[in-house]
Chemist: 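First, the structure itself, so that you have it in front of you.
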Amino acid sequence: MLFHVHMLVDIPLDLDKTYVEELKAKEKALSQDLQRQGKWTHIWRIAGQYANISIFNVASAGELHDILMSLPLYPFMQVEVTALCQHYSSVKNEEEAH
């Protein structure tokens with residue numbers, strides 16, 4: 001299943017800087033591992049914000065939930081999830097048209 005996920009991270013300014021850097025490093029490592037597995041594709045990072053737009057390719061909504069909940073920065077995230085489905089073009093293949 002494909003999901004479009006918008007994640008906006010809002011880390012409190014008074015949080016310990018060392019702790020924040022540890023969380024970011026763990027988040028990056030987990031993100032890279034999920035990308036290698038083909039489960040997480042970063043589409044883009046939103047300019048001027050600690051936010052990104054991503055596509056997740058997972059077996060179920062439950063798996064996506066588990067992944068999001070495991071992210072070290074999840075407690076500081078606002079997350080919007082949209083389920084996607086495959087869309088077939090309205091333009092027919094040239095071979096089918098003949």
Side-chain angles (χ1 to χ4, degrees):
M1 297 180 73
L2 292 176
F3 294 92
H4 171 258
V5 180
H6 173 245
M7 294 177 274
L8 175 63
V9 181
D10 186 18
I11 299 171
L13 296 175
D14 61 349
L15 205 58
D16 179 67
K17 302 289 185 218
T18 303
Y19 177 65
V20 170
E21 291 307 314
E22 289 173 11
L23 289 177
K24 287 180 179 181
K26 289 177 183 177
E27 182 97 9
K28 182 178 180 179
L30 181 56
S31 167
Q32 289 174 339
D33 184 48
L34 290 166
Q35 288 178 59
R36 281 190 283 278
Q37 293 177 45
K39 293 184 179 190
W40 186 351
T41 303
H42 286 296
I43 303 301
W44 60 76
R45 185 167 293 277
I46 299 173
Q49 296 182 16
Y50 195 143
N52 66 54
I53 306 295
S54 300
I55 298 293
F56 283 81
N57 186 2
V58 292
S60 66
E63 182 182 8
L64 175 65
H65 177 267
D66 292 345
I67 288 171
L68 293 176
M69 294 295 292
S70 73
L71 297 175
L73 294 175
Y74 184 79
F76 310 106
M77 286 184 188
Q78 292 177 359
V79 179
E80 294 178 24
V81 177
T82 305
L84 303 175
C85 62
Q86 194 168 19
H87 182 276
Y88 296 96
S89 175
S90 61
V91 178
K92 292 189 176 209
N93 186 327
E94 285 294 320
E95 294 174 4
E96 293 176 10
H98 297 296

Chemist: Applying salt bridge (charged side-chain N to carboxylate O under 4.0 Å, His left out), which residue pairs with at least one partner in residues 50-62 are found, sequence neighbours left out?
Modeler: none

Chemist: Nearest 0.5 Å please: distance from the OG atom of Ser54 over to the CG atom of Leu34.
Modeler: 10.5 Å

Chemist: Please name all residues satisfying side chain to side chain donor-acceptor pair (under 3.5 Å) with Gln37, sequence neighbours left out, ordered by chain then number.
Modeler: Asp33

Chemist: What distance do Asn52 atom CG and Met77 atom CE have between them, rounded to the nearest 0.5 Å?
Modeler: 7.5 Å

Chemist: Minimum heavy-atom separation for Asn57 and Gly38, please, with both atom names.
Modeler: CB-O, 3.7 Å

Chemist: Mind checking the CZ-CG spacing from Phe76 to Leu15? Nearest 0.5 Å is all I need.
Modeler: 5.0 Å

Chemist: What verdict does the side-chain hydrogen bond (donor to acceptor under 3.5 Å, both in side chains) test give for Glu22 and Thr18, after you've listed the backbone C-alpha separation in whole Å, the side-chain angles of each residue and the deciding distance to 0.1 Å?
Modeler: CA-CA 6 Å; Glu22 289 173 11; Thr18 303; over 6 Å; no

Chemist: Nearest heavy-atom pair of Glu27 and Leu73: which atoms, and what distance?
Modeler: OE1-N, 2.7 Å

Chemist: Using the rule given for side-chain contact (heavy atoms from CB on, under 4.5 Å), can you reason through His4 versus Ile55, listing the C-alpha separation, both sets of side-chain angles and the distance that settles it, and then say yes or no?
Modeler: CA-CA 5 Å; His4 171 258; Ile55 298 293; 4.1 Å; yes

Chemist: Can you give the donor-acceptor pairs under 3.5 Å from side chains of residues 58-68 to other protein atoms, not counting sequence neighbours?
Modeler:
from	atom 1	to	atom 2	distance (Å)
Ser60	OG	Gly62	N	3.4
Ser60	OG	Glu63	N	3.1
Glu63	OE1	Ala59	N	2.7
Glu63	OE2	Lys39	NZ	2.5

Chemist: Going by the rule side chain to side chain donor-acceptor pair (under 3.5 Å), which residues pair with Asp10 if we only count those two or more places apart in sequence or in a different chain?
Modeler: none

Chemist: To the nearest 0.5 angstrom, please state how far the CD1 atom of Ile53 sits from the OG1 atom of Thr41.
Modeler: 13.5 Å

Chemist: What closest approach, in Å, do Pro72 and Pro75 show between heavy atoms, and which atom pair accounts for it?
Modeler: O-CD, 3.5 Å

Chemist: According to salt bridge (charged side-chain N to carboxylate O under 4.0 Å, His left out), does anything in residues 52-62 pair up with another residue at least two apart or in another chain? List the pairs.
Modeler: none

Chemist: Going only through I, L, V, M, F, W and Y residues with side-chain contacts under 4.5 Å, is there a path from Met69 to Leu8?
Modeler: no

Chemist: Taking only residues two or more places apart in sequence or in another chain, which ones pass ring pair (Phe, Tyr, Trp, His ring centres under 6.0 Å) with Phe56?
Modeler: Trp40

Chemist: As an exercise, state the distance from NZ of Lys24 to NZ of Lys28, rounded to the nearest 0.5 Å.
Modeler: 11.5 Å

